[in-house]
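Structure record follows, encoded as structure tokens.
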Amino acid sequence: MPVVYCISHKEDVDGISSAALIKAVFDTQQTILVDYANLVPELAKLGATVSNKDKLFVCDLGLSKKNEQRFLEIMEGIVSRGCEVTYIDHHDLAREIASALKKIGVTLVHTAEECTSIQIYSKFKKKLPSHAAFFAAAGALTDYMESQPMALSIVSRFDRQFLMLESAALSYIISANQNNDKF
């Protein structure tokens, strides 16, 4: 039976919201929350377990010159095992790496203009419940990207003060529990 995995950024609302939105759409069986430092080791471990027909979503995890080649190697191994990979992100991505990811068969959903949770919400909104827009809006607000075109149309659906209060509370809770993986 194919398994759906999501590996996402654990340190902010955009990353957590991205994982929650992917779970809502694809009924993710395993969500792995990481920071930038443990992205590559966790992805390498996951790469050894994926199999044919599995799906992997990598969300809100920007790459650096230090890890992009190793990330690409791991992605190539995962795709070669028959796993369908989608990389969704808003961080800067070198053109060469973007091209290489596409060339090996990774579906790339990327723009630096909108935060990751907004991109996910926009791509899959027909499959999401209406309240999912709140999580995308919270991700945009806490990543300071709420005035971008897609985000603005979603953020404007909510009372600004309520959205700011709830987003700030969510951000604080996430920050306070960085070392509590069970949370």
Side-chain angles (χ1 to χ4, degrees), residues 6-26 28 31-39 43 55-68 71 75 85-102 106-178 183:
C6 178
I7 187 164
S8 192
H9 191 207
K10 75 175 189 174
E11 295 178 333
D12 65 16
V13 177
D14 190 33
I16 300 289
S17 292
S18 295
L21 293 170
I22 291 295
K23 183 166 181 61
V25 174
F26 295 98
T28 309
T31 300
I32 303 161
L33 300 174
V34 299
D35 57 23
Y36 298 116
N38 70 348
L39 165 62
L43 197 55
K55 290 184 183 202
L56 169 62
F57 293 89
V58 180
C59 304
D60 196 37
L61 288 161
L63 304 177
S64 67
K65 291 290 179 200
K66 188 175 174 182
N67 70 4
E68 64 189 10
F71 179 85
M75 287 291 103
V85 179
T86 303
Y87 180 67
I88 308 171
D89 194 37
H90 68 96
H91 297 93
D92 289 334
L93 184 63
R95 273 194 198 126
E96 312 81 56
I97 298 300
S99 293
L101 286 168
K102 289 178 187 175
V106 172
T107 300
L108 188 61
V109 180
H110 180 269
T111 179
E113 302 301 315
E114 300 283 350
C115 71
T116 305
S117 55
I118 290 290
Q119 291 182 65
I120 293 169
Y121 178 80
S122 296
K123 184 166 181 61
F124 301 113
K125 66 183 165 193
K126 290 181 179 168
K127 296 179 181 180
L128 287 163
S130 60
H131 69 272
F134 177 83
F135 296 101
L141 188 72
T142 57
D143 261 18
Y144 304 102
M145 298 184 80
E146 74 273 15
S147 61
Q148 298 299 93
M150 287 191 295
L152 189 58
S153 71
I154 296 168
V155 167
S156 66
R157 298 180 196 174
F158 301 96
D159 175 81
R160 184 150 181 87
Q161 289 181 331
F162 175 74
L163 179 61
M164 289 173 68
L165 175 66
E166 292 294 317
S167 298
L170 187 54
S171 184
Y172 174 77
I173 291 166
I174 290 167
S175 178
N177 286 281
Q178 284 302 299
F183 175 80

Which value, rounded to the nearest 0.5 Å, describes the distance between [X] atom [atom1] and [Y] atom [atom2]?
{"X": "L63", "Y": "H91", "atom1": "CG", "atom2": "NE2", "result": "10.0 Å"}
{"X": "L163", "Y": "I154", "atom1": "CG", "atom2": "CD1", "result": "11.0 Å"}
{"X": "I16", "Y": "F135", "atom1": "CD1", "atom2": "CZ", "result": "11.5 Å"}
{"X": "I22", "Y": "T31", "atom1": "CD1", "atom2": "OG1", "result": "9.5 Å"}
{"X": "K127", "Y": "L21", "atom1": "NZ", "atom2": "CG", "result": "13.5 Å"}
{"X": "D92", "Y": "H110", "atom1": "CG", "atom2": "NE2", "result": "7.0 Å"}

N177 side-chain N/O to I173 backbone N/O, donor-acceptor pair under 3.5 Å: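 Confirmed, N177 side chain pairs with I173 backbone.
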Heavy-atom donor-acceptor pair, Y87 side chain to L61 backbone, under 3.5 Å: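 Looks like yes, one N/O pair under 3.5 Å.
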Of all heavy-atom pairs between [X] and [Y], which one has the smallest distance, and what is that distance?
{"X": "I118", "Y": "A140", "answer": "CG1-CB, 3.8 Å"}
{"X": "L101", "Y": "M75", "answer": "CD2-CG, 3.9 Å"}
{"X": "A94", "Y": "K65", "answer": "CB-NZ, 4.0 Å"}
{"X": "A136", "Y": "Y121", "answer": "CB-CB, 3.6 Å"}
{"X": "I174", "Y": "K10", "answer": "CG2-O, 3.4 Å"}

Quick one, [X] and [Y] - any side-chain contact, counting heavy atoms below 4.5 Å?
{"X": "L93", "Y": "E68", "answer": "no"}
{"X": "L56", "Y": "I7", "answer": "yes"}
{"X": "Y36", "Y": "N67", "answer": "no"}
{"X": "L39", "Y": "H9", "answer": "no"}

For E166, all residues meeting side chain to side chain contact (heavy atoms under 4.5 Å, CB included), sequence neighbours excluded: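 F134, F162.
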All side chain to side chain contact (heavy atoms under 4.5 Å, CB included) counterparts of T116, not counting sequence neighbours: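 Expected list: D14, S18, C59, D60, I88, D89, H90, I120.
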Intermediate values then yes/no, side-chain contact (heavy atoms from CB on, under 4.5 Å), D12 and T142: CA-CA 8 Å; D12 65 16; T142 57; 5.6 Å; no
Ring centre gap for F124 and F26 strictly below 6.0 Å: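 Ring centroids of F124 and F26 are less than 6.0 Å from each other.
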Given Q148, M150, M145, the one that forms side-chain contact (heavy atoms from CB on, under 4.5 Å) with C115: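 Filter result, single survivor: M145.
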Step-by-step side-chain contact (heavy atoms from CB on, under 4.5 Å) determination, K55 to T86: CA-CA 8 Å; K55 290 184 183 202; T86 303; over 6 Å; no
Within 6.0 angstrom of K125 NZ, more than 12 heavy atoms from elsewhere: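 No, because the 6.0 Å sphere around NZ of K125 holds 12 heavy atoms or fewer from other groups.
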Working for side-chain contact (heavy atoms from CB on, under 4.5 Å), residues F71 and V58: CA-CA 11 Å; F71 179 85; V58 180; 4.2 Å; yes
Worked check of side-chain contact (heavy atoms from CB on, under 4.5 Å) between S167 and V13: CA-CA 8 Å; S167 298; V13 177; 5.7 Å; no
